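The structure appears below as structure tokens.
Here the structure is a predicted model, which means the values were calculated and not measured.
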Amino acid sequence: MKKSGWSDHELEALLRRMPKILDYRDPHDIYQNIYLRKRKTYVWALSGITAFAVVLFVIIKIF
Amino acid sequence: MDSVFDELYHKYHHDVFQFLFYMVRNKEHAEDLVQEVYIRVYKSYHRFKGESSEKTWLFSIARNVAIDFFRKQKSSKEKLLDQFEGQANQLKNGHLIPEEIAVQKDEIKLIYKCLEYCTLDQRTVIILRYIHDLSISETAKALGWSESKVKTTQHRSLKMLKKQMELFSEKEGVICEKVRVERSRA
């Protein structure tokens, strides 16, 4: 590495030799994580809608 | 597992994971973000019209996920003093070089180190063009750019990389010289 400069061509060749990086997790685990996260947003959305409905109901009752 | 996940996993999972890893330079973050890519895919799968290839479409989603990640990181960073955070990050990143990179020869390790100094756009182009071997037009589609913008960014990023690499190898050269001088004195 005692070079003082690299040509574009050399640099491109080096970049193409960058190592492959793999995800070693089990695909089932990944799927599970995604499923749980999807569910979480669903639950949040549902509780948001419910809260809104309750507030609306109370307002209607008052007036 | 459903069929959409199964198909995407087998065709593209490792590509998307690798792209995210080189973007955020941390395996654990890449693991989280690749899951976020699937969630966004589920949300917009019905909108995918096949105008671009599935692969470039996935890369464009992955890029947006990475950009959002950096945005979030930045806003939490602003609460802390930049200086200290910068130092802490340098230490952290130094420790987080994965084994796949650590076992490579010095020039590869140097490139990896210098990639950090490219802007996000420059890094994206380098990763897509050279590490994933996408063509100029595929890269342009994945980024939603014109081909000429890809070309200029590519040119600039190579220049930036070269500059950083020269700077670091010079520094290391100076250190080597020092050691040699000290040894000859002893």
Side-chain angles (χ1 to χ4, degrees), chain A, chain B residues 1-2 5-6 9-10 13-22 25 27 30-32 34-39 41-43 98-112 114-115 126-127 129-133 154-155 157-159 161-163 165-166 168-170 172-173 176:
Chain A
M1 213 165 57
K2 276 163 201 148
K3 290 177 75 162
S4 56
W6 284 265
S7 70
D8 275 8
H9 190 69
E10 284 172 312
L11 213 56
E12 286 170 352
L14 275 173
L15 283 165
R16 289 203 169 97
R17 292 218 310 268
M18 295 292 278
K20 285 254 173 296
I21 309 286
L22 300 175
D23 187 351
Y24 293 109
R25 292 175 298 168
D26 186 321
H28 286 93
D29 291 341
I30 298 170
Y31 182 73
Q32 198 66 23
N33 290 343
I34 296 163
Y35 179 74
L36 285 175
R37 228 151 103 182
K38 259 169 60 186
R39 230 181 115 82
K40 228 159 115 190
T41 34
Y42 175 72
V43 168
W44 270 107
L46 206 70
S47 40
I49 292 165
T50 318
F52 180 71
V54 168
V55 170
L56 208 69
F57 182 74
V58 169
I59 291 171
I60 291 167
K61 272 278 172 200
I62 290 171
F63 296 103
Chain B
M1 289 200 286
D2 63 42
F5 177 84
D6 215 33
Y9 181 86
H10 283 105
H13 185 85
H14 289 295
D15 274 340
V16 174
F17 179 76
Q18 173 167 281
F19 170 78
L20 285 166
F21 166 76
Y22 278 111
R25 308 165 67 77
K27 268 190 154 180
E31 284 174 2
D32 279 345
V34 79
Q35 289 171 187
E36 177 63 28
V37 171
Y38 282 103
I39 289 171
V41 165
Y42 278 113
K43 279 185 194 156
E99 216 195 315
E100 288 92 331
I101 306 276
V103 296
Q104 298 293 321
K105 53 185 234 174
D106 287 348
E107 270 179 324
I108 299 279
K109 274 189 266 186
L110 181 64
I111 288 206
Y112 179 73
C114 295
L115 265 175
I126 293 252
I127 297 168
R129 286 281 292 126
Y130 301 116
I131 300 177
H132 287 278
D133 215 19
Q154 177 182 311
H155 180 73
S157 38
L158 286 177
K159 218 166 130 186
L161 259 184
K162 233 186 272 178
K163 202 179 113 194
M165 284 171 76
E166 278 159 14
F168 274 118
S169 58
E170 233 169 66
E172 275 166 32
C176 288

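Of the residues considered (A/Leu14, A/Ile21, A/Leu15), A/Ile21 shows the highest number of contacts with chain B, using heavy-atom pairs under 4.5 Å.
Only the side chain of B/Lys105 comes within less than 4.5 Å of a heavy atom in chain A; its backbone stays farther off. Within the 4.5 angstrom heavy-atom criterion, no atom of B/Val103 approaches chain A. For B/Tyr42, the part lying near chain A is the side chain, with the backbone staying farther off; criterion is any non-hydrogen pair under 4.5 Å. Interface remark: B/Gln104 contributes side-chain atoms only to the contact with chain A (heavy atom separation under 4.5 Å). Neither the backbone nor the side chain of B/Lys43 has a heavy atom closer than 4.5 Å to any heavy atom of chain A. When heavy atoms are compared at a cutoff of 4.5 Å, B/Ile126 approaches chain A solely by way of its side chain, counted from C-beta outward.
You'll find the side chain of A/Asp23 stays beyond 4.5 Å of the side chain of B/Val16, heavy atoms only. When side chains are defined from C-beta on, A/Lys20 does not count as touching B/Glu100, because their heavy atoms never get closer than 4.5 Å. Proximity of A/Leu11 to B/Ile111: side-chain heavy atoms (C-beta onward) are separated by under 4.5 Å at one or more points. The closest side-chain heavy-atom distance from B/His13 to A/Ile30 is below 4.5 Å. Side chains of A/Glu12 and B/Gln154 form a contact here, defined as non-hydrogen atoms less than 4.5 Å apart. Side-chain atoms of B/Leu161 and A/Trp6, non-hydrogen and from C-beta on, never get closer than 4.5 Å to each other.
From A/Glu10, atom CD reaches atom CD of B/Glu107 across 7.5 Å, with rounding to the nearest 0.5 Å. Rounding to the nearest 0.5 Å gives a distance of 8.5 Å between NE2 of B/His14 and OH of A/Tyr24. In this structure, A/Arg16 CZ and B/Arg129 CZ are separated by 6.5 Å, a value rounded to the nearest 0.5 Å. In this structure, CG on B/Asp15 lies 10.0 Å from CG on A/Leu22, to the nearest 0.5 angstrom. Note that CG of B/Asp32 is 8.5 Å distant from CG of A/Asn33, once rounded to the nearest 0.5 Å.
Ion pairing of A/Arg37 with B/Glu36 is present here, as a side-chain N (NZ or NE/NH1/NH2) and a carboxylate O approach within less than 4.0 Å.
In the model, B/Asp2 has a side-chain atom that pairs as donor or acceptor with a side-chain atom of A/Tyr31 under 3.5 Å.
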